[in-house]
Amino acid sequence: MIKVFVPTLAAMLTVSALAATKPAAQLQFDASQGVAGSVEMPNGTVNYTAFTHLYFVTNVEDSTYQYVNVFVPEGATQRSPIFLKTNVGGYMPSAPGFPSAGDATGMALQRGYVVAIPGSRGRSSYITKKGKRIYNGKAPAAILDLKAAIRYLRHFDKEMPGDAEKIITDGTSAGGAMSALMGATGNNPAYEKYLKAMGAASERDDVLASVCYCPITDLSHADMAYEWLFGNTDSRKADDEAHRQVSQELAAQFPAYINSLGLKKTDGTPLTADNYLDYIKQQLIRSAQIAKDAGADIPDSIGFTLSNGDGGTFAPINGGVGLPADMAKGMAGARGGKRVGEYVTGLDIEKFLNYVANQTPLKTVPAFDALGVAGDTASGENDEFGNSSNIPANFTSYSAAKNNTAVTDEVKEAEYLLNPMSQIGQSDVTVAPHWYIRHGSIDRDTAFPVAINLATKLENDGKDVNFLLAWNRPHSGDYALNELFDWLDKLAK
Ligand code: DHB
């Protein structure tokens, strides 16, 4: 019997009960097992057929997380793109979800995308063997599960509506990092032995596009970037001497890292430690100009300078979108003919960074790799790099040394498997051709360079990158969805 319902909790349980299957020796998909459901969007109901509890590995260790739910909207075909949303947050385990009007999945269905919402193990996951807890969700478990889900979708591509050659991944924060990884690590042989042991399908796992909101990524360089950017804020100046010393030591490591990346701006000139802060300023000015053009108020109290005139000249960023001159030509028409008469021309970056730090207090130094990892002094990231006995670990040589230890080979391997930066440009990796990367202009969960470096490295590698420090957005995701899906429709439909 087909049952129609809105996905209240009770209804979700009904779906689970109706469609639950057990892990099996072979991967399975039965197209006759779909269950009707719907999601209420602000402008109407979207009906779908749900396929739930699709285990994506044969050696299921954790039946709560290692499966994917797939939702096929009315009218979808074999050619429809697949929107794969990970709900990972905080590097924690993430249960396979249901579509929601509150995130991108509702609109994806409404626009005719097949939606896949895989679960994945996380840093607090464990199984119990002979009465002993074995933590099996530490890095790189989450990305392994997500890659297994992608392989599952490809394995049953012919049987299932939607085109597995048009998978678009989406996630926010640690989930943004996971989306970046799905985009940047396609078919990397380094994951193979793990995926094989899990019983993942023997398929490719590259994707078409990756949507990353505020990715908490490049963890081994996130501390230095954070102190380099925020180290001179009033907040840091109020720290005690020991913390200030650590902040300054970390900040001092950042220039060498930036220069080692060999990045180039869109105009082909080198992006180096010497011009990096200016580049961030340009990105923030561009963000403010786009917001201003859309009607936002840009207060000069937070550091921006506004002037009339031609807005001065500065180098194109990301294909030239968002230049003042472009604004006047291209976007004035889009606003119904109203002329853009005021340009954002300057930024007092110190003032702005203090403003950001006043919105949400900065993380204590070091922001990610704690100096001591015993007890509750460990960060979530230390926990993510912990071992199967749930002992957290340092993952940077700086913090490890302060903690009188060294980064182990196991942690180095896990850090590599969790870092998109080191894999972009690697010859045996298939990186997604299309990227949509957003980091809020008032987000301080990680520093701007983390997202900027990711976007720039991808762009330098020839990828199509739509990047923005999104105006006035804090640490958040799945926003400006009409804009996102207008962009996705063009490349995937
Ligand atoms: C998330 C936020 C953080 O600040 C962090 O360090 C890791 C993860 C999150 O929201 O997923």
Side-chain angles (χ1 to χ4, degrees), residues 65 85-95 97 102-104 117-125 137-143 145-146 169-182 210-230 235 247 250 356-357 359-371 373 376-386 392-396 398-399 411 414-415 417-421 437-451 453-454 469-470 473-479:
Y65 296 110
K85 161 89 177 175
T86 168
N87 287 319
V88 168
Y91 287 101
M92 295 295 277
S94 170
D103 64 32
I117 311 180
S120 50
R121 293 163 298 165
R123 61 185 170 89
S124 64
S125 297
K138 308 288 183 184
I143 183 59
D145 285 345
L146 293 167
T169 64
D170 173 46
T172 298
S173 194
M178 290 303 149
S179 185
L181 282 168
M182 286 186 273
S210 172
V211 179
C212 313
Y213 287 95
C214 54
I216 300 280
T217 194
D218 198 8
L219 295 175
S220 49
H221 304 102
D223 285 333
M224 56 179 85
Y226 205 85
E227 299 314 315
W228 178 83
L229 188 71
F230 291 120
S235 158
S247 172
L250 283 166
V356 172
Q359 301 303 300
T360 315
L362 295 179
K363 293 181 169 182
T364 50
V365 57
F368 296 92
D369 192 6
L371 296 184
V373 296
D376 59 8
T377 58
S379 68
E381 285 75 13
N382 294 135
D383 191 28
E384 169 70 354
F385 287 109
N394 285 117
F395 51 93
T396 65
Y398 178 85
S399 291
V411 171
E415 204 285 329
L417 296 172
L418 215 66
N419 197 332
M421 289 298 285
I437 303 173
R438 293 290 181 269
H439 180 101
S441 71
I442 57 168
D443 183 347
R444 69 17 137 200
D445 274 52
T446 194
F448 302 142
V450 169
N453 289 343
L454 176 65
L469 292 177
R473 296 278 182 189
H475 192 62
S476 57
D478 281 13
Y479 48 72

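All figures in this text were calculated on a predicted structure; none of them were measured in a lab. Counting starts at 1 for both ligands and their atoms, following the listed order.
Protein residues with any heavy atom under 4.0 Å from ligand 1: Gly89, Gly90, Ser173, Ala174, Ile216, Lys363, Phe368, Glu381, Asp445, His475.
Cation-pi geometry between Arg438 and Tyr479 is not met: the NZ or CZ atom fails to fall both under 6.0 Å from the ring centre and inside 45° of the normal.
For Phe368, there are no ring pair (Phe, Tyr, Trp, His ring centres under 6.0 Å) partners at least two apart in sequence or on another chain. In this view, Phe448 and His439 satisfy the ring pair (Phe, Tyr, Trp, His ring centres under 6.0 Å) rule, not counting sequence neighbours. With sequence neighbours left out, the side-chain contact (heavy atoms from CB on, under 4.5 Å) criterion links Ser120 to Val88, Ser94, Ala142, Asp145, Leu146.
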Could you please spell out the steps behind the side-chain hydrogen bond (donor to acceptor under 3.5 Å, both in side chains) verdict for Asp218 and Asn453? CA-CA 9 Å; Asp218 198 8; Asn453 289 343; 5.0 Å; no
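Nearest heavy atom pair, residue Leu181 against residue Leu418, reads CD2-C, 3.6 Å.
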